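One structure is given here, and the rest of the page talks about it.
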Amino acid sequence: MNDYIPQEIEPKWQAKWEADGLYHADIDESRPKHYALTMLPYPSGDLHIGHWYAMTPSDARARYKRMNGFNVMFPIGFDSFGLPAENAAISRGIHPKKWTYANIENMRKQLRSMGAMWDWRREAVSSNPQYYKWSEWFFIQLYKHGLAYRKMSPVDFCPHCNTTLAREQVWGEDRHCERCETPVIKKDLEQWFFRTTRYADELLNYEGMDWPERVKVLQTNWIGRSEGAEVRFSVISDQSSALPAPVPPWPGRQDRQAQVSEVEGSLITVFTTRPDTLWGATFMVLSPEHPLVEKITTPDHKVEVEAYKTQAARQTDIEREAVDKEKTGVFTGGYAVNPVNGEKIPIWIADYVLMTYGTGAIMAVPAHDERDFAFAIRYGLPIIPVIDRPDGISKSLVFPGSVAPGFADLLQTANIEFYAAPVGSLGDGLFVTLRREQVDGYAALMRQHLQPGNWNEIVGAHWLFIFDDGIMELDGVSSDQAILARCKAIYPPVNHNRTVMEMVNSLPFYRDVLFHADYGAMINSGEFSGTPGETAKRRVTQWLKAKGVGDFAVNYKLRDWLISRQRYWGAPIPMINCQKCGWNPVPEEQLPVLLPDDVAWKPTGESPLKLHPTWKQAQCPVCGGAAERETDTMDTFMCSSWYHLRYLSPHYDKAPFDPAEYNYWMPVDTYTGGIEHATMHLIYTRFFHKALRDMGVTEGAEPMIQLHNQGMVLGEDHEKMSKSRGNVVAPDKLVARYGADAVRAYLMFFARWDMGAPWNSTGIDGTVRWLRRVWTLVSERSGPGTCSPESRRNLRRKVHQSLRRVTRDFETFEFNTIVSALMELLNTMYAAREAGAVGTPEWDEATDIYLRMLAPVCPHIAEELWAHIGKPYSIHTQPWPQVDEAAAQEDEITIPIQVNGKLRDRIVVPADTEDEQVKSAALASQAVQKYLAGKPPRQVIYVKGRLVNVVA
RNA sequence: GCCGGAGUGGCGGAACUGGCAGACGCGCACGACUCAAAAUCGUGUUCCUUCGGGAGUGUGGGUUCGAUUCCCACCUUCGGCACCA
């Protein structure tokens, strides 16, 4: 037989498989179906090694499933709308359509070189009108079912280019436009949203889904459900000292996302997870974008507020939310009334409050929230503890000379924990830590021994200020100022402090007891003081509800899905705006709304749909008058939320998919793709499916039963592959040099699939060598057949053990060990050949099983060798071999012997040896005897078939 | 910063449910074949060692007869953070 030349055999078999329609997937009720789906690629121009890494193992597993009797559908297509096409248009003057379809043509060719079992008849291309007609249709259905709506939302905007910018188009610390380097601004636009939040609770349910735990956790955190309360604060004027007007009745539950715009008049609604801390709310913070900011801000604060809003708008949400960032904000001049105690509290704005979470406003409880604490310390706002410390710890620093001599001895006698250490340059002070039950005794002792003209404070679980004429307790805003005034009178260096907390926070000894975010009994909370932590939230919320100032509320981090893109290359949003009739969908019989081809590209990237002279002119579907089309297009995540449905029947023109195909193939049995899609795409597609289900379009709770994610292939320099870094690995070159089979095998072998790894160009020689060895071995068909029955049995054992491993690893997506097992078995077969096994029935069986196991991994060489040994075409329609458990059974086992957990010896015993016999054989070992040194063992542990541990 | 992963020889990785750490491969060294080279085949390859043994799975602790595996803290690194897809 000739040498192994993959460049000859691979195109040959690919052409034959194609001509024979070997991979056509058609409905066949007699067989169980398997829908294997790999994530829709974007046609960026060149197939990336990352595509191969993602798709080859998916293909191998689809093939394995097919050999296991399943009718497998493994489709492919292109997610072909999106930003890069427009970038090419702007920078190189190529029409996005032309650029996209040229790329698709190239990638089809490249994809075919993989030898994957795609059914190309089912190819779906999201930028084809016959595809995006249905994307538009879905938009209209969602709109008709109340799941699409418009609201104002900010975008990053380049004022010079007059364009909305994607996050990746904003560069640098100063956030400038990638094209013209102008600093970006935020611009508020009316945009379309889908109500994903309506499905938030259902999306948290993963019942019956075989998805990786990490993805479920990521999604759960992304959805970010939290239970708490909404509370309404009324705004009052600076001058107002009279009691505030009563808060109007609670309007009842409304749609979550609509809430924000419904904040009006003089009411601020906040969401809080800690209604039990309401008595400690000493100020409010609005997001700088909050609609009430303008109304509340007093004339003398206008300049500062406007300046702050501008700087906040230039940051990303990530920067704004960062916990370690310095907290900044400005006072608006406005005040609100804390509904629980009538306290007048100032209203600030700060960038750490985001308009996209909750109601865009918070009540700040600095004693029990880390960020609020930092903010209050910085701006001198009062901090009043309202939740008891569960640990009951208080601290007190006794200043040098503030107590009568001998105080330390008294503490010792009272069993109070303390140490003496210098306080600045004042001499030694006493640093006291108190348990709850010691506070009263300590306070009494201090009252007796405090020298005139001093005070002492107890802070933490208790807040007592002991003066020579009595004790004051920090229990509210007024006592805060009263205590501070006394302290300033006694010790002028504290004059600059604005609050008691600021004063005590300057002593590092106190810092760990000043603030906590735990649950505990309520304190300083009027009639609620003493309410235990377990019931506090519920009882306070019930009371708020009864008073009409609040209610139970659930909030989510998940936001509604922003669909609008101010771009050309996307599916048009099929809506028409009429001055008389408002927004209405394009009548379904007029779909698709086609993208115009004759568009002009301004070098700035301004949307050509807006600039097109006639495209946006339309007739109102209601009154028939002149109206305007929506010129925004859809987010490409819309296209990729339903592509698995278009694959069912890409040419069907009566509906997005053929119901007969749906009924047979759906749901997707195995979905594979990158872990980077764990939240956005995989939440959107689940939302989409559930929304369609509720409209009667789809069935079942979930679109994808099983999910497996691959990791990423980095460049050889351990950096993300990119053209600019010059570290991109081109699969075409590798295929030309080594053949597709070797590249496929190497990609499965070189890393753990679910983790990914940096590319390693040196290892591929090993897989090439391996395939050549397979070739050589199978080529040789006649031999002496002279080897011993024992070595023939050993060969069979190894074959069936390998089959067991390979089968298991295919089920669990552990592709690297599949290839290892095949390499190992080949080594055994080489040894068997040396022993004269060629020509025996065991050898023939080994060859047969070997090629079947190889077929999903390296389909071309397996097919070639299968033909060579005279087996019927095609190996890919052969059944998967069955493990002969009896043959795989070991006769003898080696048991490692440990003494005190360290390996000291090994014994070989028949596999069926009784436990007691194994133990006594282990104890009889010379090595064990040596370590026992004549003493009896304390314990002998035998883990059946695994190991013996002798405890001396 | 927040959420989720990952850290094992010179390198990629293996180790099933807490039970022999380093399978398989790359690289390297030596040998065979060859005039020679490539290819191929064979042997060896965690580190230290006084050759008895000792240490060792990012770091530090803990649980256990026994920990790469479980628990706590930390370090490094990768993915995502809502207009890249």
Side-chain angles (χ1 to χ4, degrees), chain A residues 39-42 44 79 81-84 87 155-156 164-170 191 196 212-222 224 316-325 356 557-562 564-567 635-637 639-640 674-681 683-684 709 711-712 714 718 720 746 749-752 754-767 769-770 772-773 776 805 808 812 814 816-817 819-824 826-827 830 894-903 906 938-943 945-952:
Chain A
M39 284 182 187
L40 187 66
Y42 178 80
S44 54
D79 187 14
F81 275 135
L83 198 55
N87 287 338
V155 294
D156 283 326
T164 303
L165 298 179
R167 215 180 77 176
E168 64 164 17
Q169 295 178 303
V170 178
Q191 307 197 68
T196 40
E213 205 53 40
R214 61 171 163 162
V215 174
K216 292 193 254 181
V217 172
L218 277 164
Q219 293 206 346
T220 299
N221 293 340
W222 180 271
T316 65
D317 283 5
I318 295 172
E319 288 162 3
R320 286 175 53 168
E321 275 186 298
V323 171
D324 66 339
K325 189 189 74 132
T356 47
K557 278 218 267 296
L558 180 73
R559 316 208 284 251
D560 278 346
W561 175 8
L562 171 61
S564 301
R565 295 293 181 269
Q566 293 74 47
R567 307 201 186 278
D635 178 9
T636 54
F637 276 125
C639 310
S640 57
I675 185 68
E676 67 273 18
H677 295 290
T679 47
M680 305 185 67
H681 163 62
I683 284 182
Y684 292 143
N709 301 107
M712 282 182 69
L714 301 176
H718 293 229
K720 204 170 183 163
Y746 184 58
F749 178 66
F750 98 105
R752 240 181 86 165
D754 57 344
M755 284 188 201
W759 178 252
N760 182 338
S761 61
T762 58
I764 193 164
D765 294 322
T767 39
R769 218 170 279 163
W770 165 58
R772 258 191 233 127
R773 277 160 57 85
T776 307
R805 277 173 64 185
R808 188 194 65 204
T812 55
E814 290 171 82
N816 54 341
T817 47
V819 179
S820 309
L822 290 173
M823 288 174 168
E824 230 182 293
L826 190 73
N827 291 343
Y830 263 79
T894 303
I895 305 284
I897 312 295
Q898 295 183 338
V899 179
N900 292 334
K902 292 201 182 217
L903 181 70
R906 286 191 175 85
R938 284 202 289 166
Q939 205 184 342
V940 181
I941 296 157
Y942 175 49
V943 185
R946 305 303 292 256
L947 136 160
V948 175
N949 188 14
V950 179
V951 185

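Proteins get letters first, then strands, A, B, ... in listed order; numbering begins at 1 in each. Please read all numbers here as calculations on a predicted model, not as lab measurements.
- The side chain of A:Val951 has B:rC65 as its nearest neighbour among B:rC65, B:rG25, B:rA85.
- Distances shown here put every side-chain N or O of A:Arg214 at or beyond 4.0 Å from the OP1 or OP2 atom of B:rG5.
- With sequence neighbours excluded, the residues that form a side chain to side chain contact (heavy atoms under 4.5 Å, CB included) with A:Asp79 are A:Leu40, A:Ser126, A:Thr636, A:Cys639, A:Ser640.
- Rounded to whole Å, the C1' atom of B:rG56 lies 16 Å from the corresponding atom of B:rA15.
- Take A:Arg773 and apply the side chain to side chain contact (heavy atoms under 4.5 Å, CB included) test, not counting sequence neighbours, and it matches A:Leu826, A:Asn827, A:Tyr830.
- Nearer the 5' end of RNA chain B, as judged by each residue's closest nucleotide, is the contact made by A:Asp324, out of A:Asp324 and A:Lys720.
- With sequence neighbours excluded, the residues that form a ring-ring contact (aromatic ring centres under 6.0 Å, His included) with A:Tyr684 are A:Trp561, A:Phe637.
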Which parts of nucleotides 50-58 of chain B does protein reach within less than 4.0 Å, heavy atoms only, written one letter per nucleotide 5' to 3' as B for base, S for sugar-phosphate only and - for none? ----SS---
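- Checked against salt bridge (Lys or Arg N to Asp or Glu O under 4.0 Å), A:Arg320 has the following partners two or more places apart in sequence or in another chain: A:Glu289.
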At under 4.0 Å between heavy atoms, which parts of nucleotides 15-20 of chain B does protein reach? Answer with one letter per nucleotide, 5' to 3': B base, S sugar-phosphate only, - none. SB--BB
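- In terms of polar N and O atoms assigned as donor or acceptor, the side chain of A:Gln566 comes within less than 3.5 Å of the base of B:rC83 in a complementary pairing.
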Could you run down the sub-3.5 Å N/O contacts of the protein with nucleotides 30-32 of chain B?
none

Extract from the structure each pairing of a protein N or O with an N or O of nucleotides 67-72 of chain B at less than 3.5 Å, listing the distance.
none

Under-3.5 Å N/O pairs linking protein and nucleotides 41-48 of chain B:
unit_1	atom_1	unit_2	atom_2	d
B:rC41	OP1	A:Arg773	NH1	2.8

Watson-Crick or G-U pairs under 3.5 Å in RNA chain B, rendered as dot-bracket with [ ] for crossing pairs and | for another strand: (((((((..(((......[....)))((((((.......))))))(((....)))..(((((..]....))))))))))))....
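- Glycosidic conformation of B:rG9: syn, with the torsion inside 90° of 0.
- For the OP1/OP2 pair of B:rG80 and a distance below 4.0 Å, the side-chain nitrogens and oxygens of A:Thr679 include no atom meeting the criterion.
- Contact check, A:Asn827 against B:rA23: no side-chain N or O comes under 4.0 Å of OP1 or OP2.
- Taking the side chain to side chain contact (heavy atoms under 4.5 Å, CB included) definition, one finds that A:Arg769 meets it with A:Asp765, sequence neighbours left out.
- B:rG52 adopts a syn glycosidic conformation, its chi angle falling within 90° of 0.
- Applying the ring-ring contact (aromatic ring centres under 6.0 Å, His included) criterion to A:Tyr746, with sequence neighbours excluded, gives A:Phe750, A:Trp759.
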